[in-house]
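Worksheet: one structure, shown below.
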2 protein chains.
Amino acid sequence: MKDITLKEIATKLGISITTVSKALKNYPDVSEKTKRAVIELAQKLHYTPNSFAVNLRTKESKTIGLIIPEVVHHFFSNVVNAIINEAEKNGYLVIILQSNETLALEKKQVELLINKRVDGIIMSLSNESNNDDHIKEIMNRNIPFVMFDKIAKLSKCSKVVIDDQKAAFNAVQHLIDNGCKKIAHIRGPLNPQNAIDRYIGYKKALEKNNIPFDNKLVYTCETVTFEEGRDFAEQIINEHPDIDGIFAITDLVAVGALAYFNENKIKVPEQVAVIGFSNWFMSQVLTPKLSTVNQPSHEMGIESFNLLLEEMNCHKEGIPFTPRTIELETNVIIRESSIKFK
Amino acid sequence: MKDITLKEIATKLGISITTVSKALKNYPDVSEKTKRAVIELAQKLHYTPNSFAVNLRTKESKTIGLIIPEVVHHFFSNVVNAIINEAEKNGYLVIILQSNETLALEKKQVELLINKRVDGIIMSLSNESNNDDHIKEIMNRNIPFVMFDKIAKLSKCSKVVIDDQKAAFNAVQHLIDNGCKKIAHIRGPLNPQNAIDRYIGYKKALEKNNIPFDNKLVYTCETVTFEEGRDFAEQIINEHPDIDGIFAITDLVAVGALAYFNENKIKVPEQVAVIGFSNWFMSQVLTPKLSTVNQPSHEMGIESFNLLLEEMNCHKEGIPFTPRTIELETNVIIRESSIKFK
DNA sequence: TTGTAGGCGTTATCAG
DNA sequence: CTGATAACGCCTACAA
């Protein structure tokens, strides 16, 4: 079953390619009769325009690229889901690439997408990345570009974020309101902006409540995994037996801590209250159920795509576009792991 | 920053486009001198071939399509991860689409990919799909095609699967070995092959152990969600208070059942042993830890892509390709939720 | 109302 | 060793 082209339809009907093309695009200057004939034959032969040729002519592929650290991640898979669906609604397909949290790979993925000439790029940075050359390159080339969640503050592009400082502040304030007096923080790596902001939020909450900040109570993840959460929990409880609360950079890490405490009969929340971040699905099915901060992943995906779409449209029309930042709301979800009193 | 073309390099160097093209592709019939000059200038200008034009000429896009029911799913996100990485290693990019478990959407996604002229398609069927027209269409058009996990048995294409019957049999046998005498099965929807096979495996295990099969002990999911698991658990315990084991189609459903039992102080595994399927991450952090069947998602992704690659290569060379089926091994993972004796 | 011609950027063929 | 020419399939001024 070979591909049908305009040419074939044209020869079959004994007319010119141009007329066929025009007929199919419903140009006004084609007679109803030929129009009907063309459309009928096109349908019969299941004609669809060759997208390679269309891409070449129109210089757009109706395809966008999406780079994230990792799909197997509750938050990111939700964003991916939203972006794919939103893109499809608007006639775009999505190529997905993973940076695997390394700068080197991320650079490569950007290059691949640029060479592929996607119409736009949406991205969430790896832990190692910043406003590096590959990011600047995207903007230098004037490719529509949106960053979400893990962003580079200095990049002059559109962004979709939450207020990590405020969200973290609220999480820690909640622990304090529930009687915690000595709260440890398992933070993310030193580079990513959201880890920095959550850390600042933690500090601010302590400050506001006149709890002295102690650097020794801050533990820094490298891999941000379940295992790290478990290991840090052990370390924390050994180094600071009187700790009564933990704020973890993300649920996965909090779940690791929970696992350690459960196995070692350390009562959560009675002895140690725990709160995570991101509201992973599993958090609500654990024992005890994990308190956390809700991060609107779905909305983030939708907003990211729509910002990109707007920029792509401007780009096409040659209209200048001014990057915007959209900040979405978060809220603390209170479950069992942080309620000391009933 | 405008795009660099062969033409520009040619005019800048005062030579022909043809020579530039050849020089960049390292043809033997270009003098070392011009070759060097061309390559140097090309690098300086950051020339990259216009992929739209290359696609049109070569009739391939080095892009494949992947259709799955849903990315936000432990098993599928792992497969996606593997396919993306494996594809990239081999110079392919991946467009991902979701069927959302409906036939209508799946048909649309197939159409989109066909029109996009991807070089190949990998797919896991929705719950409503079968060897339907859209599947046949892919093969009629001679587009390289691989199905994995949720397949249509009758389709004459390559497949990557597990032996669902055997895996389910082993899971149920394990429950029986642990003293279960009255085992309920929360099965998947009636249509998908893997739900059918797991159901058959359940029946065979009962039969082998001379446990009478009772249709009333089989509960059929529609949405295959956490909520359904929870609701069926309630229903099962009410209708059959003497039930002592449950085999669930997938971990998510098993986790729902576990949640219900936990909340209602029904002891797992003492009163009811539970085993799931697929080994979702969360299963190992629950209380009690969920026993399950390991499904090699990562390997499945890799094998799927490589089968597709083989077919794409044959396709390109015009060599006939005979579809193959690869069956991967599974194993029962024994955790707390199914061990009645210690 | 229909058709001709040119071009999008690359590659392959063939002639010089 | 180099280059002119055509072709991939589509679209659109412009001409007839």
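Just so we're on the same page: letters track the sequence lines, and every chain starts at 1.
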Heavy atoms only, 4.0 Å cut-off, all strands: where does [X] land among base, sugar-phosphate and nothing?
| X | value |
| --- | --- |
| B:L56 | base |
| A:T34 | sugar-phosphate |
| B:S31 | sugar-phosphate |
| A:T5 | sugar-phosphate |
| A:I17 | nothing |
| B:N50 | sugar-phosphate |
| A:K22 | base |

Could you tell me from which nucleotide to which nucleotide of DNA chain C, 5' to 3', there is an atom under 4.0 Å from chain B heavy atoms?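 Contact span on the strand: C:dG9 to C:dC14.
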So, B:D149 side chain and B:S124 main chain: donor-acceptor pair closer than 3.5 Å or not?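 Judged by distance alone, no pair lies under 3.5 Å.
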Write down the distance between [atom1] ([X]) and [atom2] ([N]), rounded to a whole number of angstrom.
| X | N | atom1 | atom2 | answer |
| --- | --- | --- | --- | --- |
| A:K59 | D:dT12 | NZ | P | 14 Å |
| B:L6 | D:dA6 | CG | P | 19 Å |
| B:E32 | D:dC1 | CD | P | 8 Å |
| B:N115 | D:dC10 | CG | P | 12 Å |
| A:I9 | D:dC10 | CD1 | C1' | 12 Å |
| B:R117 | D:dC8 | CZ | P | 14 Å |
| B:F52 | D:dA7 | CZ | P | 25 Å |

SB check B:R117 A:D3 (cutoff 4.0 Å):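 Yes, this pair counts.
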Any salt bridge between B:E40 and B:K44, counting N to O under 4.0 Å?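 The answer is no: the pair does not qualify as a salt bridge.
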Once hydrogens and angles are ignored, does a donor-acceptor distance under 3.5 Å link the base of D:dA4 to the side chain of B:S16?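 Not at all, since no donor on one side and acceptor on the other fall under 3.5 Å apart.
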What's the verdict on salt bridge (charged side-chain N to carboxylate O under 4.0 Å, His left out) for A:E128 and A:K107, showing C-alpha distance, side-chain angles and the deciding distance? CA-CA 11 Å; A:E128 301 178 353; A:K107 279 183 188 251; over 6 Å; no
Does D:dT2 have OP1 or OP2 sitting under 4.0 Å from an N or O in the side chain of B:Y27?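 It does not, given that no N or O in the side chain of B:Y27 lies less than 4.0 Å from OP1 or OP2 of D:dT2.
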Could you walk me through whether A:K22 and A:D29 satisfy the salt bridge (charged side-chain N to carboxylate O under 4.0 Å, His left out) test, starting with their C-alpha distance in whole Å, then the side-chain angles of each, then the deciding distance to 0.1 Å, before giving a yes or no? CA-CA 8 Å; A:K22 283 179 179 170; A:D29 63 349; 3.6 Å; yes
By nearest heavy atom, map A:V30 and A:R57 onto DNA chain C; which one lands nearer the 5' end?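 Looking at the nearest nucleotide for each, A:V30 comes out on the 5' side.
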Residue pair B:I96, A:V94: steps toward the side chain to side chain contact (heavy atoms under 4.5 Å, CB included) verdict: CA-CA 6 Å; B:I96 297 172; A:V94 185; over 6 Å; no
Does any pair with a residue in residues 77-91 of chain A pass salt bridge (Lys or Arg N to Asp or Glu O under 4.0 Å), and if so which ones, sequence neighbours excluded?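 Matches after skipping sequence neighbours: A:E86-A:K89, A:E88-B:K108.
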Look at the rings of A:F76 and A:H73 and say which category their plane angle falls in: under 30° parallel, 30 to 60° tilted, over 60° perpendicular.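 Answer is tilted, since the angle falls between 30° and 60°.
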Taking for each residue the nucleotide of DNA chain D bearing the nearest heavy atom, is the 5' side occupied by B:D29 or by A:I4?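 So the residue in question is B:D29.
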